[in-house]
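Since the structure is predicted, the reported quantities are computational estimates derived from the model, not experimental observations.
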Amino acid sequence: MGHALARAQNLAVLPPTPPRPNARSATRAGTDRPVWCSWASEADLAVDSGQALLDLGDTNRAHQLITEGEQLLCAARDKTRGVFLTYQAASHLDQKEPEPAAAAATQALLLARRIGAPRCTSLVEALLPRFQPYRGPHSVPELLHLAAA
């Protein structure tokens, strides 16, 4: 115990060691982004960060980031937009917010059908049972009717 205390005291008076670059801390030139995630777009990072915040329970900031990420996508990434919208719908359902969940799921389903994206359609269909307890809000029956069509 005495040795650990002496070492801690010695470290406390030493000047800080400059950080050494490594695969986790090195950043791409001109960005604050670590090299290991330099391939990801700003949209992907926003949504993935939002998903992580959802897991941590910070729903307000999470929804903000997911929405921001969805808005950053160009039209060429509509399939990704559909997936992001289903993530958003699921997170609203997790928070027992059926109206915004139904709105996001409806957007995702309409987009998936318009661009022919079966994965997005499947993601929305997988959420449908979670809407059953919320048949009262206006947008939920519309979503269920749209999905059945």
- Query: Is any side-chain heavy atom of Leu109 less than 4.5 Å from a side-chain heavy atom of Leu146?
  - Reply: yes
- Task: Assess the side chains of Gln88 and Thr67: does a donor N or O sit below 3.5 Å from an acceptor N or O?
- Result: yes
- Query: With side chains defined as the heavy atoms from C-beta onward, is the minimum distance between Arg81 and Leu85 less than 4.5 Å?
  - Reply: yes
- Item | Close side-chain approach of Leu128 and Leu143, heavy atoms under 4.5 Å | yes
- Give a yes or no on whether Val124 and Leu110 share a hydrophobic cluster (residues Ile, Leu, Val, Met, Phe, Trp, Tyr; joining criterion: side-chain heavy atoms under 4.5 Å apart). yes
- Do Ser41 and Asp44 meet the criterion of a side-chain donor-acceptor pair at a distance under 3.5 Å? yes
- Distance from Leu127 atom CG to Ser122 atom OG, nearest 0.5 Å? 11.0 Å
- When every non-hydrogen atom of Phe131 is compared with those of Val140, the smallest separation belongs to O-CG1, 3.7 Å
- Message: So His63 and Glu68, do their side chains get closer than 4.5 Å, heavy atoms only?
- Response: no
- With a 4.5 Å limit on heavy-atom distance, are the side chains of Tyr134 and Lys96 in contact? yes
- What is the distance from atom OG1 of Thr121 to atom CG of Leu111, rounded to the nearest 0.5 Å? 9.0 Å
- Message: Quick one, His92 and Pro98 - any side-chain contact, counting heavy atoms below 4.5 Å?
- Response: no
- Item | Basic-acidic side-chain contact under 4.0 Å: Arg61, Asp58 | no
- Query: Which atom names give the shortest non-hydrogen contact between Ala62 and Leu53, and what distance separates them?
  - Reply: CB-CB, 3.8 Å
- Note on the structure: When rounded to the nearest 0.5 Å, the distance separating OG of Ser49 from CD of Glu42 is 9.5 Å
- Should Arg130 and Asp94 count as side-chain neighbours, where that means a heavy-atom distance under 4.5 Å? yes
- Query: Could you give the distance from CD1 (Ile66) to CD (Gln71), rounded to the nearest 0.5 Å?
  - Reply: 12.0 Å
- Are the side chains of Glu70 and Thr80 in touch, meaning some heavy atoms are under 4.5 Å apart? no
